[in-house]
Amino acid sequence: MKERILIVEDNPRNMRLIEMTLRAKGYTLLKATDGGEALDIAISERPDLIIIDIELPKISGLAVTRKLRETPEFRHIPIIAITAYAMKGDWEKAIGAGCDAYLPKPINTRELPGMIAAMLLQRQRDNIRHQWSNSGK
Ligand code: MN
């Protein structure tokens with residue numbers, strides 16, 4: 001079964017671009033256009049990975065990430081931040097908030113699928129390792 005990815009982006013063009021790129025890879029996509037909606041969908045749908053724009057209406061992408069990381073269920077979910085290309089220090093801020101990776105705008109649609117596949121694979125391996133270490137007890 002293909003993984004479910006939550007895309008959080010208020011810019012319709014960017015949303016469409018990411019959507020088209022990931023749909024072609026067969027992922028199931030969930031979409032949100034502001035921080036509040038992102039939290040609601042994340043909690044109700046429990047996606048396998050989240051791509052989130054930092055600049056969002058209402059609640060910023062960083063605040064959403066921080067909030068999710070406070071919850072045990074979301075401590076290890078891969079989160080990719082989308083940031084404006086020119087903004088210095090965005091990467092540090094994104095990592096500080098708990099994001100795992102950083103995607104500068106304009107989005108490189110050739111790199112994105114590989115990045116996502118690698119992160120989902122890593123997550124799967126971590127899960128298996130976790131099961132192994134727990135089974136020894
Ligand atoms: Mn935005």
Side-chain angles (χ1 to χ4, degrees):
M1 204 185 83
K2 265 293 189 181
E3 290 90 346
R4 291 150 75 247
I5 297 175
L6 171 59
I7 309 167
V8 190
E9 169 63 274
D10 62 320
N11 178 307
R13 274 190 62 188
N14 259 329
M15 174 64 95
R16 211 157 33 236
L17 188 67
I18 300 168
E19 228 186 310
M20 275 164 35
T21 305
L22 299 186
R23 188 154 289 150
K25 300 292 172 189
Y27 293 114
T28 299
L29 305 179
L30 306 160
K31 298 187 286 177
T33 54
D34 68 57
E37 201 185 1
L39 282 171
D40 288 346
I41 295 175
I43 290 160
S44 63
E45 299 292 332
R46 300 285 305 273
D48 298 293
L49 181 145
I50 298 173
I51 301 172
I52 189 161
D53 181 25
I54 284 184
E55 302 280 332
L56 288 171
K58 294 176 193 171
I59 307 171
S60 80
L62 296 182
V64 170
T65 302
R66 269 188 231 107
K67 191 101 195 135
L68 289 175
R69 291 305 190 209
E70 284 170 11
T71 318
E73 291 88 339
F74 292 103
R75 205 149 286 159
H76 302 291
I77 181 175
I79 300 179
I80 301 172
I82 304 171
T83 70
Y85 190 64
M87 281 197 184
K88 267 202 234 163
D90 266 7
W91 169 224
E92 287 85 349
K93 276 186 242 165
I95 288 293
C99 296
D100 301 294
Y102 152 94
L103 200 61
K105 292 182 188 181
I107 288 159
N108 184 332
T109 54
R110 279 184 303 172
E111 271 179 21
L112 181 60
M115 185 189 216
I116 286 173
M119 290 175 84
L120 288 171
L121 187 65
Q122 185 59 51
R123 182 77 196 105
Q124 239 172 41
R125 285 181 178 151
D126 290 346
N127 280 337
I128 291 166
R129 205 170 296 138
H130 188 71
Q131 280 162 23
W132 265 95
S133 60
N134 282 348
S135 67
K137 283 174 194 167

Quiz item: Once you round to the nearest 0.5 Å, how far does SG of Cys99 lie from CD of Glu92?
Solution: 12.5 Å

Exercise. Could you tell me which non-hydrogen atom of Ala42 sits nearest to which non-hydrogen atom of Pro47, and how far apart they are?
Key: O-CD, 3.5 Å

Quiz item: Members other than Ile116 in its cluster, when Ile, Leu, Val, Met, Phe, Trp, Tyr link by side-chain heavy atoms under 4.5 Å?
Solution: Ile5, Ile7, Met15, Leu17, Ile18, Leu22, Tyr27, Leu29, Leu49, Ile51, Ile80, Ile82, Leu103, Ile107, Leu112, Met115, Met119, Leu120

Quiz prompt | Qualifying residue, where the test is side chain to side chain contact (heavy atoms under 4.5 Å, CB included) with Val8 and the options are Leu30, Thr33, Ile52 | solution = Ile52

Quiz item: Do Asn127 and Gln131 have a side chain donor and acceptor closer than 3.5 Å?
Solution: no

Quiz item: Of Ile59, Ile79, Ile50, which meets side chain to side chain contact (heavy atoms under 4.5 Å, CB included) against Val64?
Solution: Ile59

Quiz item: Does a side-chain N-to-carboxylate-O contact under 4.0 Å join Arg69 and Asp100?
Solution: yes

Practice problem: Find the distance between CZ (Arg4) and CD (Glu45) and round it off to the nearest 0.5 Å. | Solution: 5.0 Å

Self-check item: CZ on Arg66 to OG on Ser60, rounded to 0.5 Å
Solution: 6.0 Å

Quiz prompt | Distance-minimising heavy-atom pair for Asn108 and Arg110 | solution = OD1-N, 3.0 Å

Quiz item: Between atom OH of Tyr102 and atom CG of Asp90, what is the distance when rounded to the nearest 0.5 Å?
Solution: 6.5 Å

Quiz item: For atom CD of Gln122, is the number of surrounding heavy atoms from other residues, nucleotides or ligands below 6.0 Å larger than 12?
Solution: yes

Exercise. Could you point out which residue of Ile41, Leu39, Asp40 forms a side chain to side chain contact (heavy atoms under 4.5 Å, CB included) with Glu37?
Key: Ile41

Exercise. Go through the steps for Arg123 and Glu3 under the test side-chain contact (heavy atoms from CB on, under 4.5 Å), then give the verdict.
Key: CA-CA 12 Å; Arg123 182 77 196 105; Glu3 290 90 346; over 6 Å; no

Quiz item: Is the count of non-hydrogen atoms from other residues, nucleotides or ligands lying under 6.0 Å from Arg75 atom CZ greater than 12?
Solution: yes

Exercise. Could you grab the distance from atom OG1 of Thr21 to atom CZ of Arg23, nearest 0.5 Å is fine?
Key: 11.0 Å

Practice problem: Grab the two heavy atoms, one from Pro78 and one from Asp48, that are nearest each other, plus how far apart they are. | Solution: CD-O, 3.2 Å

Quiz item: Asp34: what forms a side chain to side chain donor-acceptor pair (under 3.5 Å) with it, not counting sequence neighbours?
Solution: none

Quiz prompt | Same apolar cluster: Ile43 and Leu56, side chain cutoff 4.5 Å | solution = yes

Quiz item: Any idea which heavy atoms bring Lys105 and Asp53 closest together, and the distance?
Solution: NZ-OD1, 3.5 Å

